[in-house]
Amino acid sequence: MDKKIVLIDGHSILNRAFYGLPDLTTSKGEHTNAILGFLNILYKILDEEKPGYLAVAFDTHHPTFRHEMFTEYKGTRKATPDELRQQVPVMKEVLKAMNVTVIEKPGFEADDVLGTLAKMAEKEGYQVSIVSGDRDLLQLASDNIKIRIPKTKRTGTEIEDYYAKDVIEKYKVTPKQFIDLKGLMGDSSDNIPGIPGVGEKTAGKLIAKYQSIENLYDHIDELSPGKTTTTIKENKELAYLSKELATICTDCDLEFNLEEAVLGDLYNEDVYKWFKNLEFKSLISRFGSMEIDQSLEIEKNFSVIENLSEADLVFANIKPMDNQPIGLYMIIDNNELLGVSLCFSEKKIYLIKKVGMITEDYLTNQVEKLAKNKFSFSVIGLKNQLKYLKVSEDDLVFDPAIAAYLLNPLTDTYHYDDIARDYLGITIPSVEDLLGKMKLKEAMEKMPKEFTAYACYSSYVAYKAAPRLKKQLDETGMLKLFEEIELPLIFTLYDMEVRGIRVNKEALKEYGDHLKVGIDSLEKQIYELVGETFNINSPKQLGVILFEKLKLPFAKKTKTGYSTAADILEKLRSEHPVISMILEYRQLTKLKSTYADGLAVFIQDDGRIHGKFHQTIAATGRISSTDPNLQNIPIRMELGRKIRKVFIPEEGYVFLDADYSQIELRVLAHLSGDEQLIKAYKEAKDIHRITASEVFHTPFDEVTPLQRSNAKAVNFGIIYGISSFGLGQDLNITRKEAERFIEKYFKTFPKIKNYLDRLVAEAKKEGYSTTLFGRRRPIPELASSNYMQRSFGERVAMNSPIQGTAADIIKIAMNRINKRLKDNNMRSRLILQVHDELLVEAHNEEVEEVKKIMVEEMQGAASLDVPLETEVNMGYNWYEAK
DNA sequence: ATGATCACG
DNA sequence: ACGTACGTGATCATT
């Protein structure tokens, strides 16, 4: 059996990975992309080769990389970005945890270590693989030594392999001659000077003829006279020096025994913890089911209750420690209650299963009784539990997921394992780790141990994290925001989801059929016009048709091909009649697939759509909507807008739709304290017209439509974190012209400029931005060494407080409206929120009262220096009400 | 799984 | 010299 060893050029691979992957960070902001990329390459190679031995070599000098030593004085290469530098020591720790041999020999460069080990191993009969991003190492290739150069591509990692024969095939020189080649042509990235004026071509020819630099100079007189020959003659010393520099040492005195590089246990508890901490979710799956074995101490305190008398005892003896909230979790699968998990001390963590005499009613009633007796609960993901967890906003509840979202709204999940990691500092298996893709009900029967762990961790983490999260909310000034806005909102959103919105199924079907007719006809015409059939919905195929077959101008490239986005096609309208048809085809197919067909599947048996609203998604504090997304139902184009006619109220009800007028600009007026803007709003003037009037020095009544629409675009730009490029793009004008607009705007409204500058400065100082109600958004991009990212951070710093404050305000209004409707025992209910708009399904007899409530609560949600103007419309469908 | 596109605020 | 407006979610094609 042949022995296999893999040798990795540590810094080189880290470097490649860093530049090959986007900037990934953990929830705490530690950069991890280079480490992840390195590990992906490592695993790919291990999977392919299954070697018995592995070593990784790092350079030792400086915390910088080898190449920089030479380039400092040239100043061509930038210093290692901090984002990469931070990852180097972590990478070494991870490798150590994996029992991978890391070689750092003072005085030796990684190249020389790799060269020496490779030759040593080859002599002892190993098959050797050297992994590096650096082509220098090709000189080491032989029949037994393979150089592997990974390329991070869109599709994943591809590896180029070079044995000696592959080097000869590709470069027409032997690995050994590769050194001579480098000696002649040099290598700027390695700062090997070479001979001036000699490049790849000349060097290749010379080495092909003379094999080596030594032999070349032995026969130097054979060269035909010329400029190049003269420089070659003059630079003999440089050539020899360059060759020396390019030569990798293969017999360094390393005092290293290859047996030390034997592979150990790659999948151990330490590595698992590292991956958890680095949040490498995809790599965790490699651990298979082993992680359940590394059970934490706490799992010994999990107990399963399956008979009624024991369950009675548990419920009777609940005594929370230190008046902490009880950790609670209702185990629900497919709308069915499977059990209840609760935790009220470190030692008391129960899973009470719904079996035998322990019925669904028993469990829900017991829990409800606890709430009535003023026990307080901590529940991760409370909204999803309310079907069985009978509590109201008047009960004492806490949701760690919402708290964790406020403390860091940038991450995508707030599951128990995330909260345990971030707030308890412990690494525990996630549901996926424990149960894979298995449904809960099946897991309860087939994997009782894992099922119990999932259930008990859920309540344990909720219990344990609650006080800490609450403390942090207090320390960050967000406790009031949490208690007075976010917690009540859980119940408001739940009520909205339960009520849902009625949809006219037949009308929706007709709408879709109508679209189908147009789509079929357009499709036919398009094929005829271009003379062939193709998939119009494929940007790739469409790009080829438009820009290659029809040779239309203005081709703009994306990463994958030509851009066929609407704004590009818009400019091509006059170039070819097919363009208009394609744009219309796009519009129609979008409407059909996403809305006509897409919405239909969500209509429940009650004739209503019960979409979901999410409270922990948007970084700015906005609510989001899925299954389906009811916040992006068409309105801007008439054809699309018609779909709103299928959203209808129940018999005996109407829709009341209320929306804030320009809430974000009003928020900006208030926050910036700009007198002009405030005055304009107090006088209820057309704000875009007044902006145009001021900016273009035109009397209010003489503002042209173009001036007004330009001013409107600038107003939007201000909210988005203005950039001349973006505004130019939007208005289809040059960057220069856009810049002039912005300058004029800031000259007219100096306080706005001052305010936006302050927002950026403060966010840079604190690392986050803040809304009027104290909501924070961390902006790590502001500290980036990358100009693009930093600029993005600056725009975010300007936008988040504005968008976020508006989000805070409408949330307050939603809670108050919902509460008043319920407290007054009214039949009307809030059913939708679309960022600055609320839709209520109002009972015929309550219309005037509901109108009053909506306007009062929306206008009164915050007292700003400008009025929060609110417009209400009534209608017998959503189209009419808007 | 990812990118391109497009629907909304 | 570089290249982007802010915040979302769904669908389709492609890998």
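For the numbers below, each heavy atom of this structure counts, side chains included, while hydrogens, waters and symmetry mates do not. Lettering of chains follows the sequences in order, A, B, ..., and the numbering in each one begins at 1.
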Exercise. Taking atom C1' of dC6(C) as reference, at what distance in whole Å does atom CZ of Arg777(A) sit?
Worked result: 9 Å

Exercise. Can you check the Asn799(A) CG to dA5(C) C1' distance for me, whole Å?
Worked result: 10 Å

Problem set entry | Euclidean distance, atom NZ of residue Lys712(A) to atom P of dC6(C) [Å, nearest integer] | 20 Å

Exercise. Contact class for Gly598(A) vs. all strands (heavy atom < 4.0 Å): base, sugar-phosphate, or nothing?
Worked result: sugar-phosphate

For this session: Ignoring backbone atoms, test whether Lys540(A) places a side-chain nitrogen or oxygen under 4.0 Å from the OP1 or OP2 oxygen of dT15(C).
Result: yes

For this session: Send over the distance from Leu759(A) CG to dC6(C) C1', rounded to a whole Å.
Result: 14 Å

Exercise. Touch check for Asn537(A), heavy atoms < 4.0 angstrom, all strands: base, sugar-phosphate only, or nothing?
Worked result: sugar-phosphate

Problem set entry | Same-atom distance (P) from dC2(C) to dT5(B), integer angstrom | 22 Å

Problem set entry | Atom-pair distance (CG on Leu599(A); C1' on dG9(C)), nearest Å | 12 Å

Problem set entry | Side-chain touch Leu489(A)/Glu486(A), heavy atoms, less than 4.5 angstrom | yes

Exercise. To the nearest angstrom, how far is Phe725(A) atom CZ from dC6(C) atom C1'?
Worked result: 16 Å

Problem set entry | Short side-chain N/O contact to dT14(C) OP1/OP2 from Ser538(A), under 4.0 Å | yes

Problem set entry | Partners meeting side chain to side chain donor-acceptor pair (under 3.5 Å) with Asp567(A) (sequence neighbours left out) | none

For this session: Check the angle between the aromatic planes of Tyr562(A) and Phe547(A) and answer parallel, tilted or perpendicular using the 30° and 60° thresholds.
Result: tilted

Exercise. Whole Å only: how far is the CG atom of Leu756(A) from the C1' atom of dC6(C)?
Worked result: 13 Å

Problem set entry | P atoms of dG3(B) and dT4(C), separation to the nearest Å | 14 Å

Exercise. Can you name the residues that form a side chain to side chain contact (heavy atoms under 4.5 Å, CB included) with Arg795(A), not counting sequence neighbours?
Worked result: Ser723(A), Ser791(A), Phe792(A)

Exercise. Does any donor atom in the side chain of Arg666(A) or Ser661(A) lie under 3.5 Å from an acceptor atom in the other side chain?
Worked result: yes

For this session: Just compare dA5(C), dA13(C), dG7(C) and give me whichever is closest to any side-chain atom of Arg795(A).
Result: dA5(C)

Problem set entry | Asp808(A) versus Thr805(A), side-chain donor and acceptor atoms under 3.5 Å | no

Problem set entry | Paired stretches of DNA chain C - 3 or more consecutive Watson-Crick or G-U pairs, each distance under 3.5 Å | B:1-9 with C:6-14

Exercise. Can you tell which of dG9(C), dG7(C), dA5(C) lies closest to the side chain of Ser624(A)?
Worked result: dG9(C)

Exercise. Ile810(A) versus Ile663(A): any side-chain heavy-atom pair under 4.5 Å?
Worked result: no

Exercise. Among Glu570(A), Glu575(A), His576(A), whose side chain to side chain contact (heavy atoms under 4.5 Å, CB included) with Leu572(A) holds?
Worked result: Glu575(A)

For this session: Would you classify Ser625(A) as touching base, sugar-phosphate or nothing, given that sugar-phosphate means primed atoms plus P, OP1 and OP2, and contacts are heavy atoms under 4.0 Å?
Result: sugar-phosphate

Problem set entry | Positions of residues 780-791 of chain A (non-hydrogen atom under 4.0 Å from DNA chain B), listed by number | none

For this session: Please determine, by modelled atom types, if Arg573(A) and Ser580(A) share a side-chain donor-acceptor pair under 3.5 angstrom.
Result: yes

For this session: Taking atom C1' in both dC8(B) and dG3(C), compute the distance separating them and give it to the nearest angstrom.
Result: 26 Å

Exercise. Which part of the nucleic acid, if any, lies within contact of Ala619(A), taking any heavy atom under 4.0 Å across all strands shown: a base, the sugar-phosphate backbone alone, or nothing?
Worked result: sugar-phosphate

Exercise. In whole angstroms, how far is the C1' atom of dA13(C) from the CZ atom of Phe534(A)?
Worked result: 14 Å

Problem set entry | All side chain to side chain donor-acceptor pair (under 3.5 Å) counterparts of Tyr720(A), not counting sequence neighbours | none

For this session: Could you check whether Thr620(A) gets within reach of a base, just the sugar-phosphate, or nothing at all, counting any heavy atom under 4.0 Å?
Result: sugar-phosphate

Exercise. Looking for any heavy atom pair under 4.0 Å, which part of the strands does Ala738(A) touch: base, sugar-phosphate only, or nothing?
Worked result: nothing

For this session: Answer yes or no: is there a side-chain heavy-atom contact under 4.5 Å between Leu864(A) and Leu772(A)?
Result: yes

Exercise. Using a cut-off of 4.0 Å between protein heavy atoms and nucleotide atoms, how would you tag nucleotides 4-9 of chain B 5' to 3' with B, S and -?
Worked result: SSBBBB

Exercise. Between Glu737(A) and Thr734(A), do the side chains contain an N or O donor and an N or O acceptor separated by less than 3.5 Å?
Worked result: yes

Problem set entry | N-O pairing of Glu739(A) and Arg735(A) below 4.0 Å | yes

